[in-house]
4 protein chains.
Amino acid sequence: MAKKKEVQSSVKDESLIEKRRTQMIQAAVQLFKEKGFHRTTTREIAQAAGFSIGTLYEYIRTKEDILFLVCDNIYNEVQARISTLAMERGTIAELKSAIERYYTLIDDMNDEFVVMYQESKSLQKDALAYVLKKELEMVAIFEEMLRTCYDNDSLTIEREDIPLAAQHIVIQGQMWAFRRWALAKQYSLAQFIERSQQQLLQGMIKGVS
Amino acid sequence: MAKKKEVQSSVKDESLIEKRRTQMIQAAVQLFKEKGFHRTTTREIAQAAGFSIGTLYEYIRTKEDILFLVCDNIYNEVQARISTLAMERGTIAELKSAIERYYTLIDDMNDEFVVMYQESKSLQKDALAYVLKKELEMVAIFEEMLRTCYDNDSLTIEREDIPLAAQHIVIQGQMWAFRRWALAKQYSLAQFIERSQQQLLQGMIKGVS
Amino acid sequence: MAKKKEVQSSVKDESLIEKRRTQMIQAAVQLFKEKGFHRTTTREIAQAAGFSIGTLYEYIRTKEDILFLVCDNIYNEVQARISTLAMERGTIAELKSAIERYYTLIDDMNDEFVVMYQESKSLQKDALAYVLKKELEMVAIFEEMLRTCYDNDSLTIEREDIPLAAQHIVIQGQMWAFRRWALAKQYSLAQFIERSQQQLLQGMIKGVS
Amino acid sequence: MAKKKEVQSSVKDESLIEKRRTQMIQAAVQLFKEKGFHRTTTREIAQAAGFSIGTLYEYIRTKEDILFLVCDNIYNEVQARISTLAMERGTIAELKSAIERYYTLIDDMNDEFVVMYQESKSLQKDALAYVLKKELEMVAIFEEMLRTCYDNDSLTIEREDIPLAAQHIVIQGQMWAFRRWALAKQYSLAQFIERSQQQLLQGMIKGVS
DNA sequence: CATGAATGAGACTTCATTCAT
DNA sequence: GATGAATGAAGTCTCATTCAT
């Protein structure tokens, strides 16, 4: 659980940092979603967060720090909610449940996901590397699940195609994040999840035609 | 084929406009890919294109016009290369061929695609609407193909799931655009296309277990 | 000995004021020497002095007050150490001794002197006037000494050149303050003093060729 | 005549650069003299120079560049005017003439000198090194003159004291720069030069009592 | 048509100072 | 008396766009 990159603050009170950063992240996500990272000014973020520009800069060093905090925050939420999937025996049911949880999470945090995927490239090299690492961990979770299922003799898929399949699951989630506005006309979230589970797993599950 | 948005130029000579814009699109794509739209300056684009900042502004009105030209250019290419699939009889073979052509195109124009997906949100409302419309047309082409196949009695899929399947095909293409750097370690383009065809169509084709 | 300028403090306890100000002067001298007055922040001074920014402002009113305290402190030291030269009979030996004491003091308080000469221009008009007055008093001490020597019939110099000669003695001291880093390669302090006494007084002392 | 440090400009026309920089240097010297480098804003400099802030930054990269240009400009002037002293035979008359020229120059460029000595410490390491090097060259010119005089058998001074004597000449010049306001009450420039020549050279010239 | 110097609004960031705790 | 979080004026610098040559 080593923190790779720390955002420096000149304020000492840790709980206050926590509180202010939460305010600032919420404000930033909203604004980044509307106008994008570059078109949003630090003043706007401060104002939307409810404090002055001076106060904003007591809790970060640069504007980019805010973007990093947004991205970091999302992954922490994601991992917190996904990692509860214990995956003890590696059943297909558990895999389906993981997909459901993941897509539900994406739906809950739609704004944040869109912002992260659209803007994370604006991060500096080290911050970007950190975010990409987190993203690969996400794919790795599903790879691991698929592999356990495979070892349980539950999948017909080739072992070497597991990475692609895992990416597929993640990408399908991004699809909901990016095109909810288009897809929601036709599917509810529940329907989307059901259809996705079917399409993604269809044909790779033993005993299912 | 009504042009929704025209980029104004104060130069009259059409062939010169064509030539200069091609230069500027090529320069811009390279720069946008490296540094993103917002971090790229108009001066840099002019210099990379081989003319002065003053000349650049003879052929466009705003910086955003350049981004629009990049996006517009991609769709013109796409449509030119995909639309040749007349899809007369709606066979599975033709569907597979369309997927192959589409993914090959994405591979050819990788830089442009990445730029478009990353930056198109920076377009003004009307230009963005135009680009989204073009993208939906892309999905519509595959929907149409799937529907023809369906009517040909070639698909087991539900008719109402055709839009989702079409989106799926397009998204899978984006996956190659965005993650070629990661995927290429494991798959060649040909292999990726083959695997994708299999995963995307698997289970929805009649007569295939 | 009327105090021209008082630095206000909201703290009552005089000995505490004394203590805190000593701390802050020491910290400030060090920082001003390294980075200059303008590049040093009040926060840095407070931290280096060992207390909080809030406490710092209990003992001063503005940042400039700190600079004034530094300058004032130097002159207090100077006067304390130089004025002990009672100069009762106005001998050449006493003049030489005064030069030695003065230059030794400059060597001891090198940092403070450099800071004062570099930064005193940043003082407000009234504070600057006070510092300049103190400096002129410094020159006046040597003028007085030279004049006594002159009246003692010990100098060949013109009486009207005494002010210039006095300035010369002071300036030569500044030379050691500013260029000790260069001069120290060639001369020890003792050697510098000896050479200076020789050059400064050479030719103006009766009975010396 | 190798230029150690170049200030970058995005304007290509060399003669225009020359012209604009001259304007900007003149404006800056005036303002730096009045308020110091740090209290002067780039906007003020641009305005005083007669163009916009944007134009100012077409000819420099950072505010510090302006200070560097000011310092560089002074030394170029100084060297241009001093180097005409051919010093062919190394006579005392020529040495005196050099001192006269140097002090006259300082008087002419009083504002610039004060600014340079007060503010050059605000330069970055490399720019500061360049300025210090130029200053040492100034001392070296006088050292060279003194040494030639010495070899001509014209000086009674010890050879090892030549560096100190050269520094002395330079420092005495700075005295006029810094304290003209005080000294001018008593001496005209001509008188100051005469007295300085006398005091500086007195006793080190053979055949003069 | 081509050029590139000029413009200035506006962005990010700093930091002296205050004041409630 | 001590603390340190909050403030916002002000500074430096960028860059899209214009227009005279």
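Every chain is numbered from 1, with letters handed out A, B, ... down the list of sequences.
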(request) Rounded off to whole Å, could you give me the NZ-to-P distance for the B:Lys35 and F:dT14 pair? (result) 12 Å
(request) Could you tell me the separation between the CD atom of D:Glu14 and the C1' atom of E:dG4, rounded to a whole number of Å? (result) 15 Å
(request) Please report, rounded to the nearest Å, how far the C1' atom of E:dA11 is from the CD atom of A:Glu64. (result) 15 Å
(request) Take the protein atom CD of C:Gln23 and the nucleotide atom C1' of F:dG1, then report the distance between them rounded to whole Å. (result) 14 Å
(request) Starting from Watson-Crick (N1-N3 plus N6-O4 or O6-N4) and G-U wobble pairs under 3.5 Å, report the runs of at least three that DNA chain F belongs to. (result) E:2-21 with F:2-21
(message) Looking at D:Glu58 and B:Arg43, is there a salt bridge between them, counting it only when a charged N and a carboxylate O are closer than 4.0 Å?
(response) yes
(message) For A:Gln26, give me all partners under side chain to side chain donor-acceptor pair (under 3.5 Å), at least two apart in sequence or on another chain.
(response) none
(request) For each nucleotide in nucleotides 5-12 of chain F, reading 5' to 3', give B when a protein heavy atom comes within less than 4.0 Å of its base, S when such contact involves only the sugar-phosphate, and - otherwise. (result) BBBBBBSB
(message) Output the rounded distance in Å from CD1 (C:Ile66) to C1' (E:dT17).
(response) 12 Å
(request) Locate the shortest heavy-atom distance separating B:Ile66 from B:Ile45; write the atom from each residue and the value. (result) CD1-CD1, 3.8 Å
(message) Rounded to whole Å, please give me the gap between CG in A:Leu67 and C1' in E:dA11.
(response) 17 Å
(message) From CD1 of C:Ile60 over to P of E:dT18, roughly how many Å is that when rounded to an integer?
(response) 10 Å
(request) I would like to know whether B:Lys35 and B:Glu44 meet salt bridge (charged side-chain N to carboxylate O under 4.0 Å, His left out); could you show each step before the answer? (result) CA-CA 11 Å; B:Lys35 328 168 59 175; B:Glu44 286 172 319; 2.5 Å; yes
(message) Tell me every residue that passes ring pair (Phe, Tyr, Trp, His ring centres under 6.0 Å) with C:Phe32, counting only those two or more places apart in sequence or in another chain.
(response) C:Phe37
(request) Could you list the residues that satisfy side chain to side chain donor-acceptor pair (under 3.5 Å) with D:Thr22, not counting sequence neighbours? (result) none
(request) Please report the shortest heavy-atom distance between B:Leu67 and B:Val115, naming the atom on each side. (result) CD1-CG1, 4.5 Å
(request) Write down the atom of B:Ala49, the atom of B:Met24, and the distance for their closest heavy-atom approach. (result) CB-CA, 4.0 Å
(message) For A:Lys33, give me all partners under salt bridge (Lys or Arg N to Asp or Glu O under 4.0 Å), at least two apart in sequence or on another chain.
(response) A:Asp111
(message) Output the rounded distance in Å from CD (C:Gln124) to C1' (E:dA16).
(response) 14 Å
